[in-house]
Amino acid sequence: MAKAAISLSLLLLSFTSETLLMVNGQKTWCVAKPSSDQATLLANLNYACSHVDCQILRKGCPCSSPDNLMNHASIAMNQYYRAKGNNQWNCDFRGSALIVMTDPSYGDCIYA
């Protein structure tokens with residue numbers, strides 16, 4: 001019994017933030033639903049950027065292009081998702097977000 005408790009304790013201690021990024025062994029990202037309207041995307045972008053650093057979206061930064069709301073909202077929403085602990089409820093945005101298991105990074109724009 002004591003051996004099992006020690007094993008469980010070691011397992012819990014080895015639980016890292018990288019593990020939190022996984023669902024069934026897969027890393028996850030939070031992105032905007034393609035069906036989201038412009039007003040919703042703008043609201044999500046503004047909300048996420050009021051809670052996390054969105055400098056990566058500034059002109060000349062790796063994720064500034066393409067310069068459209070879908071792209072910028074997805075990046076900001078993922079930044080929020082990461083900062084708040086990669087929990088499903090941190091990627092809801094009133095039903096306008098999706099958790100995906102395919103890395104949405106492109107070019108030099110790396111979704112953290």
Side-chain angles (χ1 to χ4, degrees):
M1 182 71 155
K3 193 173 188 177
I6 290 171
S7 295
L8 181 58
S9 295
L10 290 174
L11 177 65
L12 292 174
L13 288 174
S14 68
F15 203 80
T16 66
S17 61
E18 186 68 21
T19 307
L20 295 175
L21 303 176
M22 298 196 172
V23 170
N24 297 327
Q26 296 281 325
K27 286 187 177 182
T28 59
W29 295 265
C30 179
V31 297
K33 280 185 179 176
S35 60
S36 299
D37 61 52
Q38 298 290 297
T40 299
L41 293 172
L42 183 58
N44 292 349
L45 176 65
N46 289 333
Y47 178 80
C49 289
S50 71
H51 289 46
V52 298
D53 182 6
C54 287
Q55 288 189 19
I56 195 167
L57 297 173
R58 287 191 159 169
K59 190 172 180 91
C61 290
C63 297
S64 64
S65 180
D67 186 9
N68 63 56
L69 275 176
M70 179 62 71
N71 180 57
H72 287 196
S74 290
I75 292 164
M77 291 160 68
N78 189 67
Q79 295 284 90
Y80 180 88
Y81 175 64
R82 291 279 176 262
K84 299 300 181 182
N86 306 307
N87 300 301
Q88 181 179 0
W89 54 87
N90 297 123
C91 182
D92 182 59
F93 294 89
R94 296 185 180 179
S96 64
L98 297 170
I99 293 177
V100 298
M101 290 187 278
T102 302
D103 186 351
S105 299
Y106 57 92
D108 292 332
C109 180
I110 308 301
Y111 276 61

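A chain of hydrophobic side-chain contacts below 4.5 Å, direct or via other Ile, Leu, Val, Met, Phe, Trp or Tyr residues, connects Leu45 to Leu41. Under a hydrophobic-cluster definition in which Ile, Leu, Val, Met, Phe, Trp and Tyr are linked whenever side-chain heavy atoms come within less than 4.5 Å, directly or via other members, Val31 and Ile75 are assigned to the same cluster.
No side-chain heavy atom of Ile99 sits less than 4.5 Å from a side-chain heavy atom of Trp29. Looking only at side-chain heavy atoms (C-beta outward), Cys30 and Phe93 come within less than 4.5 Å of each other.
Separation of atoms OG1 (Thr28) and CG (Asn78) is listed at 8.5 Å; rounding is to 0.5 Å. Remark: Asp103 CG to Gln26 CD distance equals 11.5 Å, nearest 0.5 Å.
Closest of all the heavy-atom pairs between Ala76 and Cys49 is CB-SG, 3.8 Å. The shortest non-hydrogen separation linking Ala112 to Gln79 is CB-OE1, 4.1 Å.
Only one option out of Thr40, Asn46, Asn44 pairs with Leu42 in a side chain to side chain contact (heavy atoms under 4.5 Å, CB included); it is Asn46.
By the ring pair (Phe, Tyr, Trp, His ring centres under 6.0 Å) test, Tyr111 pairs with no residue at all, sequence neighbours left out. Looking at residues two or more places apart in sequence or on another chain, you find a ring pair (Phe, Tyr, Trp, His ring centres under 6.0 Å) between Tyr47 and His51, Tyr80.
The main-chain N or O of Trp89 is never found under 3.5 Å from a side-chain atom of Asn87 such that the two would form a donor-acceptor pair.
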Which donor-acceptor pairs under 3.5 Å do the side chains of residues 56-73 make with protein atoms, sequence neighbours left out?
| from | atom 1 | to | atom 2 | distance (Å) |
| --- | --- | --- | --- | --- |
| Ser64 | OG | Gly60 | N | 3.4 |
| Ser64 | OG | Cys61 | O | 2.9 |
| Asn68 | OD1 | Met70 | N | 3.2 |
| Asn68 | OD1 | Asn71 | N | 2.7 |
| Asn71 | OD1 | Tyr106 | OH | 3.0 |
| Asn71 | ND2 | Cys63 | O | 3.4 |
| Asn71 | ND2 | Pro66 | O | 2.9 |
| Asn71 | ND2 | Tyr106 | OH | 3.1 |
| His72 | NE2 | Ser64 | O | 3.1 |

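Counted within 6.0 Å of CG on Asp37, heavy atoms from surrounding residues, nucleotides or ligands total more than 12; the atom is thus considered enclosed.
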